[in-house]
Amino acid sequence: MKKINTLKSLLLLITVLTFSMCEDSEKIQFVVKDSFDIEPIEIKGLKGQISYNLSTTADISELLDNASSFVKAEVESIAISLVDYSGNSIEGNIKISSGSLTFLDQNVSISETPSALTIPSGVINILSILKTGVFPVTIEGVVNPAIAGNDFELRLTFVVKAVVE
Amino acid sequence: MKKLIIGALLAFSTTISYAQLDFGTILEGNVADANRYAEGYLEPLAVGFGQGINGGWYSTAKTHKFLGLDIKVIASGAIVPSEKESFTFNNSDYGSIKLDDSSLSQAQLPTILGSKELGDRPLLEFSSNGGSISTSSLPGFNQIIKDNIGLNAVPSSMVQVGLGLFKNTDLKVRFIPKQTIDDNEFSVFGIGIMHDIKQWIPGVKLLPFHLSAFGGYTNIKSAVLLDASNNPDQVVELDTNSYVFQLVASKKLAFLTVFGGVGTTSYKSDLSVLGVFNTSNTDTPIVDPITLNYTGSNLRANLGIDIKLLFLNISAEYAVQEYDTLTATVGFSIR
């Protein structure tokens with residue numbers, strides 16, 4: 001009986017060692033892709049203008065649970081649309097930036113149908129912005145023809161792709 | 001193993017929590033999806049156990065004399081085939097889970113014993129109540145296993161006692177009462193019979209080797225508490241039954257015995273996630289969300305050597321089967 005107990009102890013030791021050896025010292029990483037909307041930007045009194053400069057902020061604190069675990073984060077795409085615009089679309093160049101980071105600077109056609117603009121991957125890391133909990137956004141545009149509406153909204157949805165662990 | 005299971009099941013919910021979804025929400029979205037995903041993801045673990053615990057029953061075809069005895073510790077590793085390191089995810093098989101890359105209709109995702117590298121884990125989009133979030137598919141843990149035991153295998157271990165009865169027949173018993181280590185419980189029971197058939201075959205019984213027939217059954221029950229402190233009812237249970245029937249031959253050469261066997265093996269593994277999982281969107285909890293059954297049978301051929309060093313018998317064998325299995329035993333034998 002003593003030998004059986006000894007063997008049982010040895011077995012348990014082997015089992016415990018085997019199990020414990022499977023501990024992972026490295027953290028497991030995940031890519032998480034989520035989107036957030038910024039508050040619709042009300043645009044009034046710009047009818048006939050050929051340029052505009054808007055700014056707003058988005059509260060992204062809900063994305064920040066365990067923010068210290070973020071490894072990197074970048075904007076994957078931005079969807080832009082108009083609401084209650086009296087014309088068909090706004091054509092021209094648009095530049096969307098946050099602080100010193102410029103996400104895109106290109107010619108687009110903005111209408112009431114959201115159009116997703118893809119941001120090149122690996123270019124801009126927004127980790128420092130995410131950690132502040134507030135996402136400031138600046139939108140500058142030069143349009144042709146001139147803006148047709150005098151009271152409408154511009155809506156932006158950011159898709160953020162982050163590596164977390 | 002506890003780390004693997006909890007890591008696999010909870011890594012998901014931990015990550016998802018970044019976007020205010022949780023495991024309960026995913027289950028609520030579609031319990032069938034969760035079962036389907038888990039079936040592919042956990043298959044190597046369940047099948048590996050079913051295949052691995054068939055090793056080490058014998059290290060010779062020679063039966064004991066009456067009341068002869070052997071006791072040994074058995075350690076096995078069922079090697080996970082490379083094609084079982086991933087499983088095919090088809091969009092059409094799922095309701096609320098889709099590949100994030102809309103240009104794909106199917107993709108290979110890691111199993112629990114596959115890769116953990118981000119590049120090998122396509123993003124999946126989870127939809128729930130009009131919202132959605134995409135996250136990497138679950139990680140595999142093959143590198144951790146390889147780093148620690150040298151190969152990607154499902155480990156198992158047990159104790160076995162063999163006793164010589166009458167007419168050159170051995171009774172073999174595997175038994176470990178329920179043991180608890182941290183939050184992990186397991187128990188083992190197995191029984192086998194080996195009978196010398198050479199004695200019944202005229203002419204053959206004079207040949208200088210041993211030949212026996214063997215049949216064995218092993219059951220391993222294990223349970224892992226997912227959250228012992230806060231949700232002690234949430235548990236992952238793995239109940240594995242395995243059978244093996246073989247013809248076994250051996251030849252003793254000085255202190256060395258070469259043995260081998262051919263026959264069949266079969267297994268039935270039931271894996272369940274039990275407990276009450278609350279959801280964030282309704283007051284209806286999900287109870288016992290995942291129940292999976294794995295069965296299989298295949299031919300089994302093994303070859304091994306047993307070395308006798310004073311009173312110790314040390315053996316090693318390699319079995320060719322669905323998951324090839326390496327087994328090592330240490331013990332002693334009397335009569």
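Numbers restart at 1 for each chain; the letters A, B, ... are given by sequence-line order, proteins then strands.
- Proximity to chain B (any heavy atom under 4.5 Å) is restricted, for Val163(A), to the side chain, taken from C-beta onward.
- Taking a 6.0 Å sphere around CD of Glu39(A), one finds it holds 12 or fewer heavy atoms contributed by other residues, nucleotides or ligands.
- A donor-acceptor pair is defined here as one N or O able to donate and one able to accept, closer than 3.5 Å; such a pair exists between the side chain of Arg121(B) and the backbone of Gln29(A).
- Within a 6.0 Å radius of CG in Asn88(A), no more than 12 heavy atoms belonging to other residues, nucleotides or ligands are found.
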For residues 326-335 of chain B, please give each side-chain donor-acceptor pair under 3.5 Å, one per line with the distance, not counting sequence neighbours.
from, atom 1, to, atom 2, distance (Å)
Thr327(B), OG1, Ser76(B), OG, 3.0
Thr329(B), OG1, Ser315(B), OG, 2.5
Arg335(B), NE, Phe66(B), O, 3.4
Arg335(B), NH2, Phe66(B), O, 2.8

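- Distance check, rounded to the nearest 0.5 Å: CZ of Phe30(A) to CG of Leu138(B) gives 5.5 Å.
- Partners of Asn91(B) by side-chain hydrogen bond (donor to acceptor under 3.5 Å, both in side chains), not counting sequence neighbours: none found.
- Of the inter-residue distances, the one linking Lys33(A) atom NZ with Leu123(B) atom CG reads 6.0 Å to the nearest 0.5 angstrom.
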